[in-house]
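Here you go, one structure.
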Amino acid sequence: MSGPRRRALVTGITGQDGSYLAELLIEKDYEVHGLIRRSSSINTRRIDHLYQDPHASDRRLILHYGDMSDSTRLNRLIDEVRPQEVYNLAAQSHVKVSFEAPEYTGDVDGLGTMRLLDAIHHCDPAIRFYQASTSEMFGNVPPPQSEDSGFRPRSPYGASKVYAYWMTVNYREAYGLFACNGILFNHESPRRGETFVTRKITQAVARILAGKQDAVYLGNLDAKRDWGYAPDYVRAMWLMMQEAEPLDLVFASGETHTVREFAELAFAAVGRNWESHVRVDPAYLRPTEVDALQGDFSKARRLLGWEPSVSFPELVRIMVEADLRAEGLKPEEVMVRPTGGPAVASR
Ligand code: NAP
Ligand code: G4F
């Protein structure tokens with residue numbers, strides 16, 4: 001006979017990762033509580049398929065208004081919900097935007113994490129805490145980056161996340177909390193925000209094919225990233241929270257590719273030459289850039305048995321295909337078959 005249903009609180013539930021994590025937790029029979037921000041127009045599009053009317057019985061998804069800048073709300077929420085697991089995914093997560101809004105980014109991404117840790121510490125130290133740490137913290141540490149690499153952040157976002165990382169470690173060491181950091185390298189999906197470079201490119205491919213635009217303007221094409229598939233990475237978050245001891249672990253694909261390569265593959269997937277459609281606009285360059293990320297996830301593989309399931313070319317095709325469908329185009333009619341592979345990559 002199974003015990004009482006487990007409760008998880010997910011901040012950032014309306015984001016890319018929050019939506020996949022909510023799906024995973026519901027699938028695993030959790031009662032999922034999500035923190036959402038009040039806005040004048042509803043922005044729950046990524047979790048609408050999970051939504052349940054507040055009057056429904058046996059609800060599995062329960063949403064609460066709040067903000068990471070508001071400690072009184074976070075304290076009350078932890079006390080009211082009394083989750084067994086807290087996943088802190090909420091963040092101003094755009095690196096370029098963090099240069100324009102450094103104080104806000106520090107408040108939400110850095111202090112916000114401390115507020116949540118402190119609420120747990122005072123309410124119920126048995127609550128487990130996952131912090132969405134990031135490869136952006138490595139900054140200009142040369143690849144491959146692992147748990148043993150130092151942090152040399154190159155953006156207000158990266159610096160705020162380094163603070164959050166160390167506060168997570170500190171609450172673990174000082175008060176014995178089960179508080180862990182997942183140091184995740186870039187992960188993408190059809191739910192990726194439209195202003196991150198992968199989605200910007202795949203959406204542009206679809207819009208160009210639909211005749212809605214002719215070109216896409218990008219910044220640094222030489223930057224190298226280690227790109228994986230988001231659902232693999234939320235599985236990593238959950239696995240970390242089931243461990244006997246809290247750990248800090250890197251999750252990555254282990255490969256690195258330039259932005260140029262991503263664009264080349266995305267346009268090639270529909271038989272176009274990327275150079276005919278990609279233009280460079282210096283407005284998208286950053287004051288300081290992280291040049292090259294490539295993660296070494298051997299510790300996660302060894303301890304958790306975690307492996308990424310989607311290759312780089314598959315990821316590009318999944319995203320192109322989804323954006324073509326969103327534009328009303330049929331991928332099977334417009335996508336070029338990769339050598340030896342299926343015309344479409346549906347997941
Ligand atoms: P995302 O799509 O940008 O989602 C961010 C989430 O945070 C959204 O739900 C957003 O709400 C919420 N949020 C922002 N400011 C908030 C505030 N002041 N109070 C409450 N909620 C707030 O990000 P993601 O790609 O899913 O990433 C999830 C987490 O992992 C983030 O912490 C990110 O920094 C980190 N991370 C991401 C990657 C990656 O490659 N995706 C890699 C490493 C780490 P709205 O929907 O209302 O905006
Ligand atoms: O897609 P991006 O904006 O992602 P970035 O900066 O790597 O950050 C993402 O991954 C981090 C993990 O390492 C997360 F922590 C963070 O929250 C976020 O999810 O940019 C990727 C690369 C950069 O080098 C950028 O300079 O693409 C380059 N780029 C080139 N043209 C562009 C563009 N980035 C954006 N957003 N838009 C462009 O037009």
Side-chain angles (χ1 to χ4, degrees), residues 10-22 34-39 41-47 64-70 73-74 87-98 104-105 107-109 111-113 115-116 130-139 145 153-155 157-158 160-161 164 181-189 191-201 204 216-230 233-234 237 250-252 257-260 262-263 278-286 288-293 295:
V10 180
T11 73
I13 196 165
T14 55
Q16 170 187 258
D17 291 4
S19 66
Y20 285 119
L21 180 64
L35 178 77
I36 59 167
R37 298 195 280 179
R38 195 269 159 184
S39 64
S41 44
I42 290 172
N43 68 345
T44 52
R45 155 179 73 83
R46 292 188 181 102
I47 50 169
H64 307 264
Y65 284 115
D67 197 291
M68 294 304 290
S69 60
D70 180 356
R73 180 62 181 130
L74 296 177
Y87 295 83
N88 183 33
L89 311 187
Q92 189 305 89
S93 73
H94 202 283
V95 174
K96 177 77 169 34
V97 171
S98 80
Y104 176 75
T105 304
D107 188 11
V108 170
D109 300 12
L111 290 176
T113 303
R115 291 181 186 110
L116 204 46
Y130 171 88
Q131 170 57 14
S133 284
T134 162
S135 47
E136 186 69 17
M137 301 187 305
F138 294 119
Q145 295 94 356
R154 298 269 285 168
S155 63
Y157 168 78
S160 308
K161 286 284 191 173
N181 284 288
I183 308 171
L184 272 47
F185 283 62
N186 297 51
H187 46 277
E188 320 292 311
S189 74
R191 296 186 198 168
R192 186 55 142 155
E194 289 91 343
T195 61
F196 296 94
V197 78
T198 54
R199 185 75 200 289
K200 187 171 167 182
I201 293 169
V216 57
Y217 290 85
L218 301 177
N220 181 5
L221 302 180
D222 297 319
K224 291 180 163 178
R225 288 291 180 274
D226 176 325
W227 279 297
Y229 182 50
Y233 291 66
V234 302
M237 297 174 190
V250 160
F251 295 91
H257 298 276
T258 60
V259 171
R260 183 182 290 100
F262 191 101
V278 173
R279 317 246 187 284
V280 170
D281 179 347
Y284 297 112
L285 298 176
R286 291 153 189 202
T288 40
E289 173 68 286
V290 171
D291 294 325
L293 292 175

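Counting convention: from 1, in listed order, for ligands and their atoms alike.
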Does ligand 1 have a heavy atom under 4.0 Å from the side chain of Ser133, from its backbone, from both, or from neither?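 It is the backbone that touches ligand 1; the side chain stays farther off.
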ask   = Could a heavy atom of Leu89 be found less than 4.0 Å from some atom of ligand 1?
value =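 For ligand 1, residue contact (heavy atoms, under 4.0 Å) with Leu89 is present.
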Heavy-atom nearest neighbour of atom 13 (O) of ligand 2 within options Gly15, Ser135, Ala132
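Looking at heavy atoms only, the winner is Ser135.
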task: Under 4.0 Å from a heavy atom of Ala132: give me the atoms of ligand 1 that qualify, with their elements.
output: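 Every atom of ligand 1 under 4.0 Å from some heavy atom of Ala132: 29 (C), 30 (O), 32 (O), 35 (C).
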Would you say Val95 and ligand 2 have an N/O pair spaced under 3.5 Å apart?
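Among all N and O atoms of Val95, none is under 3.5 Å from an N or O of ligand 2.
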Fill in: Pairwise side-chain contact, Leu221 with Thr258, heavy-atom cut-off 4.5 Å (strictly under)
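Leu221 vs Thr258: side chains apart.
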Can you check whether Arg37 reaches Met68 side chain to side chain, under 4.5 Å on heavy atoms?
->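 In short, these two side chains do not touch, never coming nearer than 4.5 Å.
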| said: Suppose I only count heavy atoms of Thr134 and a 4.0 Å limit; which atoms of ligand 1 are within that range? | reply: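 Result: 43 (C), 44 (C).
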Contact (N/O only, under 3.5 Å) between Trp227 and ligand 2: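 For ligand 2, there is no N or O atom that lies under 3.5 Å from one belonging to Trp227.
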Just to be sure I'm reading this right: ignoring hydrogens, which of Val280, Thr134, Asp281 gets closest to atom 12 (C) of ligand 2? Compare them by their nearest heavy atoms.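 The residue whose heavy atom sits nearest atom 12 (C) of ligand 2 is Thr134.
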Close-contact set for ligand 1 against Gln16 heavy atoms, below 4.0 Å |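 So the answer, numbered in order with elements, is 2 (O), 25 (O), 26 (O), 41 (N).
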Once you measure the plane-to-plane angle for His187 and Tyr233, does it fall in the parallel (<30°), tilted (30-60°) or perpendicular (>60°) bin?
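Judged by the thresholds at 30° and 60°, the geometry between His187 and Tyr233 is parallel.
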Would Ser93 count as being in polar contact with ligand 2, using the rule that some N or O on each side must be under 3.5 angstrom apart?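 N/O-N/O distance below 3.5 Å exists for this pair.
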Does Tyr157 have a non-hydrogen atom less than 4.0 Å from ligand 1?
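The answer is yes, since Tyr157 has a heavy atom less than 4.0 Å from ligand 1.
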